[in-house]
Participant: 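The structure under discussion is supplied below as structure tokens; questions concerning it will follow.
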Amino acid sequence: MTVIQKRDWNCNDPRKRQQWAEATTEALRVLEGKWKIVIICQLFAAKGPIRFSSLEK
């Protein structure tokens with residue numbers, strides 16, 4: 001059973017914007033190599049959490 005969570009993309013709040021920027025920067029540090037763009041596209045297109053095994057496929 002998949003639980004779909006609503007994402008809060010409030011970019012008008014400078015504190016939220018800073019939190020998103022820090023989280024994105026950290027994620028990019030973790031995702032290295034030639035698959036970085038593919039993984040990022042899959043994560044942004046997802047309607048909910050994605051399992052690692054789904055990304056591998």
Participant: Using the side chain to side chain contact (heavy atoms under 4.5 Å, CB included) criterion, which residues pair with Arg15? Sequence neighbours excluded.
Facilitator: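 For Arg15, the residues satisfying side chain to side chain contact (heavy atoms under 4.5 Å, CB included) (neighbours in sequence not counted) are Asp13.
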Participant: Are Ile37 and Phe44 connected in the hydrophobic side-chain network, where two residues link if heavy atoms are under 4.5 Å apart?
Facilitator: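 Looking at the clustering, Phe44 is in a separate group from Ile37.
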Participant: What residues, two or more places apart in sequence or in another chain, satisfy side chain to side chain contact (heavy atoms under 4.5 Å, CB included) together with Glu26?
Facilitator: Arg29, Val30
